[in-house]
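No experiment lies behind these values; they were computed from the predicted model shown. Each chain gets a letter, A, B and so on, in the order its sequence line appears, and its residues count up from 1.
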Amino acid sequence: MEMEKLVSLCKRRGFLFQSSEIYGGLNGFWDYGPLGVELKRNVKEAWWRDMVTTHDELTAPIGAPSPFEMVGLDTAIIMHPQIWKCSGHYDLFSDMMVDCRETKHRYRYDQILGRWAEAKGRRVFVTTVAEDELAEITRRALKLFHLRSKNADQLQWQSDLTSLEKVDDLSQVLAPAAKEIGTLTEPREFNLMLETYPGPVKDEKNRAFLRPETAQGIFVNYKNVLDSTRVKIPFGIAQIGKSFRNEITPRNFTFRSREFEQMEVEFFCHPDTSRQWYEYWRDRRMKWYTDLGLSSARLQLRDHDPDELSHYSTGTADVEYAFPFLPEGEFGELEGIAHRGDFDLRSHMEGKLDPNSSPLTVELGDDGKPKYRGSGKDLTYRDEQTGRRFLPHAIEPSSGADRATLAFLCEAYREDSAPDEKGKMQTRTVMRLHPRLAPIKAAVFPLVKKDGMPEVARDIYRAMKGRFAAFYDEKGAVGRRYRRQDEAGTPFCVTVDGQTLTDQTVTVRDRDSLEQWRVKIDDVVEEIEKKVS
RNA sequence: GCGGGUGUAGCUCAAUGGUAGAGCAUCGGCUUCCCAAGCCGACUACGAGGGUUCGAUUCCCUUCACCCGCUCCA
């Protein structure tokens with residue numbers, strides 16, 4: 001399937017529009033049209049119903065270690081800036097970066113180390129980002145000055161190892177991996193979080209961030225939920241909401257947008273059982289996508305390699321989909337299921353933890369105090385059976401609503417053949433969306449606009465509208481009307497014909513098989529409702 | 001962020017330094033008893049800004065967006 005065809009259909013039928021299109025568009029932002037908004041709402045509602053509303057806390061679901069509770073939450077997009085310092089996003093997301101024009105590599109300004117070296121009358125700041133800095137710098141300096149190891153004494157070091165930040169003139173700098181000097185751009189600030197300034201006066205003191213993930217809203221409300229709901233561990237808190245990231249390269253339709261919507265659960269459990277819960281959520285979340293129509297052949301559950309994991313995490317897996325815009329054999333992330341240990345709760349309690357420490361300890365600043373202070377609130381959980389206190393571990397299934405919607409659109413797009421009125425085969429474009437996700441569940445047509453058929457059809461339409469999304473159309477050839485609904489992904493079309501007027505039956509036409517069968521008018525609404533829910 | 005390409009109607013495309021065309025879609029009729037191309041009619045476009053020119057959709061510059069490759073993707 002060519003992506004342009006899907007993009008074109010999305011615009012033509014009103015699934016997706018480029019944001020601010022009449023002003024030329026805005027990179028990284030997208031608008032959902034009348035059909036798209038229904039589809040995305042259905043995705044989110046399917047998720048919420050399956051995770052929260054219909055969850056039965058009395059019964060252990062298949063594969064779950066025990067019964068558990070699920071509650072929801074809806075937190076603000078803008079939160080206290082300290083949250084992002086303790087979560088680690090602040091340090092990771094706002095950096096001075098330099099680009100190398102020669103190698104096209106991008107580096108964190110503060111991570112490039114180097115030494116001033118002089119030889120043959122030239123003075124160059126030789127840099128590296130490698131682990132064994134001194135050896136690497138020496139090796140690169142010799143190479144730059146065309147010196148053999150035995151002539152190393154011709155090389156004079158004019159400084160100890162220092163940060164590139166101390167160097168004023170970048171034209172005399174040998175960039176890591178570069179062959180020539182002076183290839184680095186001036187340092188530029190990269191803010192991966194979008195900033196805003198609550199309050200009428202723009203002042204640095206007021207600087208806040210649009211959340212880059214919804215999860216932190218859950219962590220900082222974890223105690224409120226415990227105190228207000230009587231939930232007991234193990235339990236999950238679910239949230240759906242917008243998040244914002246300054247993606248460096250927004251691309252691939254809505255796949256990498258700067259404004260996007262997440263569907264996240266933080267599942268809190270005892271540390272001893274966390275591994276089992278992680279496996280439960282990982283497998284359950286994978287199944288959710290196949291249940292809603294993504295083909296197993298295009299989906300994969302990819303466990304992260306141990307070296308991809310934070311050491312405090314015992315597992316992270318991605319649910320990935322083979323999007324048609326990716327190269328053959330490559331997959332794009334739909335959802336990450338992460339074992340986060342107690343990193344987040346402890347960071348919000350004690351102060352930002354150093355993710356590289358083991359066991360985890362609070363990261364200290366130059367003054368020996370915590371780099372970012374936590375809330376100081378006790379977030380431990382008291383097991384009322386044993387009387388023991390502990391900090392729960394969190395399992396985080398974090399799903400992208402827009403990415404899921406895009407995957408469902410990609411999966412649904414098909415071109416097949418259907419006969420026209422002369423029996424000649426024609427290409428048919430059809431969106432084979434799962435009935436639960438389809439924006440319109442059924443369309444109702446009078447076969448022709450006369451003989452009392454419209455009146456009957458309208459009555460059926462009205463009866464449907466009270467129960468589910470339906471669409472009425474009486475214009476033009478009926479084949480054309482069927483094809484229009486095919487592109488909208490409507491699973492069923494109900495047609496009133498001449499026979500209806502004599503025996504009170506209508507035809508129901510199936511979108512995918514094109515089969516038709518007759519149903520009594522009195523039964524048709526219920527029959528379709530059963531098939532689409 | 002870098003390099004290359006593209007930007008004309010809702011969609012897919014055409015042509016042109018001087019009035020911009022088509023197919024499909026849409027809308028209004030007619031026709032039509034089951035899968036888009038039967039008939040008549042109607043609507044709609046040169047991404048934005050600036051420059052050159054008597055005159056720019058066309059040439060030049062800038063910008064925005066999209067596509068491809070590289071980079072990035074916590």
From the candidates B:C33, B:G69, B:A36, the one with an atom nearest any side-chain atom of A:Asp451 is B:C33

Salt-bridge present (A:Arg458, A:Glu474; N to O < 4.0 Å): yes

If you check every side-chain atom of A:Ser8, which of B:C68, B:C33, B:C11 has the closest atom? B:C11

Test A:Ser513 against A:Asp510 for side-chain hydrogen bond (donor to acceptor under 3.5 Å, both in side chains), laying out the working first. CA-CA 6 Å; A:Ser513 68; A:Asp510 179 87; 3.0 Å; yes

According to ring pair (Phe, Tyr, Trp, His ring centres under 6.0 Å), who are the partners of A:His348, at least two apart in sequence or on a separate chain? none

How far does the C1' atom of B:U12 sit from the matching atom of B:U44, given to the nearest Å? 15 Å

Can you label the angle between the A:Trp517 ring and the A:Phe492 ring as parallel, tilted or perpendicular, going by 30° and 60°? perpendicular

Just the rounded figure in Å: distance from C1' of B:U12 to CG of A:Leu9. 13 Å

Donor-acceptor pair present, A:Arg13 side chain and B:G10 base, under 3.5 Å: no

Within the structure, does a side-chain N or O atom of A:Asn27 lie under 4.0 Å from either OP1 or OP2 of B:C64? no

For the side chain of A:Tyr23 and the base of B:C64, is some donor closer than 3.5 Å to an acceptor across the two? no

For residues 473-480 of chain A, which residues have at least one heavy atom under 4.0 Å from RNA chain B? A:Lys475, A:Val478, A:Gly479, A:Arg480

P spacing across the pair B:A42 / B:U62, given as an integer number of angstrom: 44 Å

Are the side chain of A:Arg481 and the backbone of A:Leu447 linked by a donor-acceptor contact shorter than 3.5 Å? yes

To the side chain of A:Gln18, which of B:A65, B:A36, B:C34 is closest? B:A65

In numerical order, the residues of residues 497-522 of chain A whose heavy atoms come under 4.0 Å of RNA chain B are A:Asp497, A:Gly498, A:Thr507, A:Arg509, A:Leu514, A:Gln516

Compare the minimum distances between each of B:C2, B:C66, B:C33 and the side chain of A:Met453, then state the nucleotide with the smallest one. B:C33

